[in-house]
Amino acid sequence: MALPIKGVQRLSLIDYPGRLCATIFLGGCNFRCPYCYNSKLVLEPDSLPTIPEEEVLNLLRERRGFLDGLCVGGGEPTIHRELPDFLLRVKALGVPVKLDTNGSRPRMLEELLKRRLVDYVAMDIKAPLRRYHEVVGREIPLSAIKKSISLLRRGRVDYEFRTTVVPGLLSKEDVLEIAEFLRGSKRYVLQQFRPVRALDPAFTRVKPYSREELQGLHDQVSHYFGECKIRF
Ligand code: SF4
């Protein structure tokens, strides 16, 4: 089966820290976060045309010297068995790869890390472990999330953990609990929630936390990490 590449952004200045990258979006996800911005990719990926892998590889070839990375997002990329073979082809072009993942498939993540098919991993930490099922809308083994966190913390590939701070879903105490759990990690990013195109339309009416509130959270937890940032 072909890798379900459902979208390509030819240039992004923000998806891969420190690099100009192209971003691809893979269809399908095993979570149902109510605030998800990519509901069509998650709920009806088959309604979107699949972009051939070759088209992405050609884009990377043509823009060699200008683009210096590929960000692979979704949906959830690690649910696709075809991912390692595709990344092997990307790496053969000498292009660094950033993976965005929800961390629910540690075996795939481990394979990608071991084979050096990714150069940077951004793993979403959706909630304190005790509230994971509630926040992601699925029963998933928490051991998978813990294993992925541990793989990244112990590994040699650059990474960040990141949490989208969604009012009504995550309280400030929840965020402090997540940060405590991740304490000692290399990098942690608090992401501002954007009330657009949410999978659950009720979340398009949720007012994001203010800059001051996010800054306050940041200031409480930043000393737990090598680096801690807010992404607006
Ligand atoms: S936010 Fe990410 S993990 Fe959650 S449903 Fe959307 S694509 Fe899946």
Side-chain angles (χ1 to χ4, degrees), residues 3-9 12 14-16 21 23-48 50-51 70-83 97-109 112 118 120-149 151-152 159-170 174-175 178 182 188-206 208-209 231-232:
L3 190 66
I5 303 170
K6 300 295 180 177
V8 178
Q9 189 177 339
S12 168
I14 55 173
D15 284 341
Y16 195 150
C21 71
T23 299
I24 59 171
F25 301 91
L26 306 188
C29 185
N30 51 347
F31 284 9
R32 291 292 179 274
C33 312
Y35 58 87
C36 180
Y37 313 137
N38 291 327
S39 52
K40 198 148 189 176
L41 268 179
V42 169
L43 298 178
E44 323 165 60
D46 293 340
S47 71
L48 300 166
T50 295
I51 297 158
L70 177 71
C71 176
V72 181
E76 175 49 43
T78 63
I79 62 175
H80 301 293
R81 277 195 317 242
E82 304 82 3
L83 184 61
V97 172
K98 175 193 176 229
L99 173 73
D100 290 344
T101 181
N102 63 23
S104 61
R105 294 292 169 92
R107 274 166 67 180
M108 172 63 84
L109 180 62
L112 299 178
V118 288
Y120 191 102
V121 179
M123 177 178 163
D124 289 325
I125 308 295
K126 302 286 188 182
L129 287 180
R130 64 186 169 80
R131 296 199 54 228
Y132 236 84
H133 301 157
E134 193 189 332
V135 171
V136 307
R138 280 286 187 272
E139 292 290 326
I140 48 130
L142 295 176
S143 56
I145 302 297
K146 288 195 262 189
K147 171 86 178 166
S148 291
I149 291 171
L151 284 169
L152 292 175
Y159 72 91
E160 68 181 42
F161 297 124
R162 59 187 191 182
T163 299
T164 303
V165 189
V166 187
L169 206 56
L170 289 184
D174 287 331
V175 177
I178 295 169
L182 297 174
Y188 184 50
V189 181
L190 296 165
Q191 294 197 138
Q192 177 62 296
F193 159 67
R194 285 180 288 134
V196 287
R197 300 193 313 266
L199 198 142
D200 176 347
F203 277 80
T204 56
R205 294 187 291 277
V206 170
Y209 285 115
R231 195 169 284 147
F232 288 102

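Each ligand, and each atom within it, is numbered from 1 in the order the structure gives.
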V135 and D174, any side-chain heavy atoms less than 4.5 Å apart: no
Identity and separation of the nearest protein heavy atom to atom 1 (S) of ligand 1: K126 NZ, 3.5 Å
Numbered atoms and elements of ligand 1 in range of G75, under 4.0 angstrom, heavy atoms: 7 (S)
Donor on one side chain, acceptor on other, T163 and K126, under 3.5 Å: no
Heteroatom N/O/S of C36 within less than 2.8 Å of atom 6 (Fe) of ligand 1: yes
For atom 4 (Fe) of ligand 1, closest protein heavy-atom neighbour: C33 SG, 2.3 Å
Close side-chain approach of M108 to E76, heavy-atom, < 4.5 Å: no
Non-hydrogen side-chain atoms of I14 and R231 separated by less than 4.5 Å: no
Proximal atoms of ligand 1 relative to C29 (non-hydrogen, under 4.0 Å): 3 (S), 5 (S), 7 (S), 8 (Fe)
Expected output: side-chain R105 to main-chain N102 donor-acceptor under 3.5 Å: no
